[in-house]
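Remarks on the structure that follows.
These figures come from a predicted structure and were not determined experimentally.
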Amino acid sequence: MWEASEVELMATTGNNAAKAKYEQTVPAFYYRPTHTDCKMLREQWIRAKYERNEFEFIEKQEPYSAGYREGFLWKRGRDNGQFLSRKFILSEREGALKYFNKQDVSEARDPKALMKIETLNATFQPAKIGNPCGLQITYLKDNSTRNIFVYHSDAKEMVDWFNAIRAARFHYLQVAFPGASDEELVPKLTRNFMKEGFMEKTGPKHTEGFKKRWFTMDDRRLMYFKDPLDAYARGEVFIGSKENSYTVLSGLPSSTQGYHWSHGITIVTPDRKFLFACETEAEQRDWISAFQRVINRPMRPQEYAVEAHFKHKP
């Protein structure tokens with residue numbers, strides 16, 4: 001009979017041998033999914049390793065490691081919500097991702113949008129977009145977040161775009177932070193949102209009625225939208241650290257009126273209080289936990305510059 005420890009050793013040796021073979025040249029920037037990632041991303045990671053042998057032959061990594069990529073993606077229209085085919089070009093040399101409304105780029109003098117690699121982020125959002133390959137791309141324009149929602153019917157194509165964006169970000173950061181190790185840079189390539197969902201909010205005077213809004217917590221930026229698929233946020237709130245007088249409290253001030261949902265949250269900043277209400281106690285708990293994680297983390301030097309921009313926003 002095999003001892004349990006011997007079986008485990010055999011399995012581990014087999015796994016290590018397979019890993020050495022099938023993952024021998026995985027680029028540092030390539031996203032390795034975890035159990036929390038969407039099904040399509042996990043499936044494509046397995047196919048890339050065992051079907052396509054992408055990490056045994058470097059030439060197979062050309063689609064996402066060449067520093068340039070172009071192709072057509074279905075993009076959601078900002079005003080009518082229709083998905084239309086648009087030409088996208090990612091160029092590390094130009095430091096940007098851009099897309100064109102004209103099918104023939106030679107006819108379109110200017111891109112419809114130019115997204116700098118410096119502020120680019122991409123995160124798979126199949127449920128929100130309503131497509132298993134749905135990708136949300138965000139970037140900053142005039143220090144405000146802009147959203148673009150895209151998909152492709154071919155899952156490999158979409159994952160290649162995602163990793164091409166990560167490669168461009170990786171090479172940008174290597175230049176921006178020449179002393180940094182791969183381990184320091186890789187977590188900065190793309191990020192999933194800390195929390196999303198509906199809450200109610202009121203205005204700065206706290207006398208306006210509460211309105212239901214879709215909230216997205218992207219690191220220290222709390223954004224709110226009328227609809228989850230809006231291109232622009234209605235507003236953004238900077239969430240600093242406790243050392244800088246930011247706190248989160250359960251509940252609302254006793255004088256507060258006009259809310260429909262009873263599970264309140266108060267965020268105190270150096271300038272004002274923001275009042276929110278959640279539909280359930282579980283949602284309230286999750287939001288407070290997300291806010292607390294950010295508030296408990298000391299601010300980095302570059303985050304002070306972001307906070308200053310928020311204070312000067314009209």
Centroid separation Y246 to F291 less than 6.0 Å: no
Common cluster, W287/W261, ILVMFWY with side-chain heavy-atom separation under 4.5 Å: no
Contacts of type salt bridge (Lys or Arg N to Asp or Glu O under 4.0 Å), residue R213, not counting sequence neighbours: none
Q136 versus R76, side-chain donor and acceptor atoms under 3.5 Å: no
Pair listing, salt bridge (Lys or Arg N to Asp or Glu O under 4.0 Å) test, anchored in residues 30-39, at least two apart: E23-R32
Side-chain heavy atoms of L222 within contact of F276, under 4.5 Å: yes
Side chain to side chain donor-acceptor pair (under 3.5 Å) contacts in which one or both residues fall within residues 114-123, not counting sequence neighbours: T123-N192
Sole residue of W45, Y22, Y50 in ring pair (Phe, Tyr, Trp, His ring centres under 6.0 Å) with F55: W45
Ring pair (Phe, Tyr, Trp, His ring centres under 6.0 Å) contacts in which one or both residues fall within residues 179-208, not counting sequence neighbours: F198-W214
For residues 175-183, tabulate all N or O donor-acceptor pairs below 3.5 Å that involve a side-chain atom, not counting sequence neighbours.
| unit_1 | atom_1 | unit_2 | atom_2 | d |
| --- | --- | --- | --- | --- |
| S181 | OG | E184 | N | 3.3 |
| S181 | OG | E184 | OE1 | 3.2 |

Residues E303 and R297 bridged, charged N to O under 4.0 Å: yes
Pair E208 + K201: basic N to acidic O under 4.0 Å: no
Inter- and intrachain pairs under ring pair (Phe, Tyr, Trp, His ring centres under 6.0 Å), touching residues 120-149, at least two apart: F124-F162
Pi-cation contact, F170 with R166 (under 6.0 Å, within 45°): no
Distance-only polar pair, side chains of R78 and Y232, donor-acceptor under 3.5 Å: yes
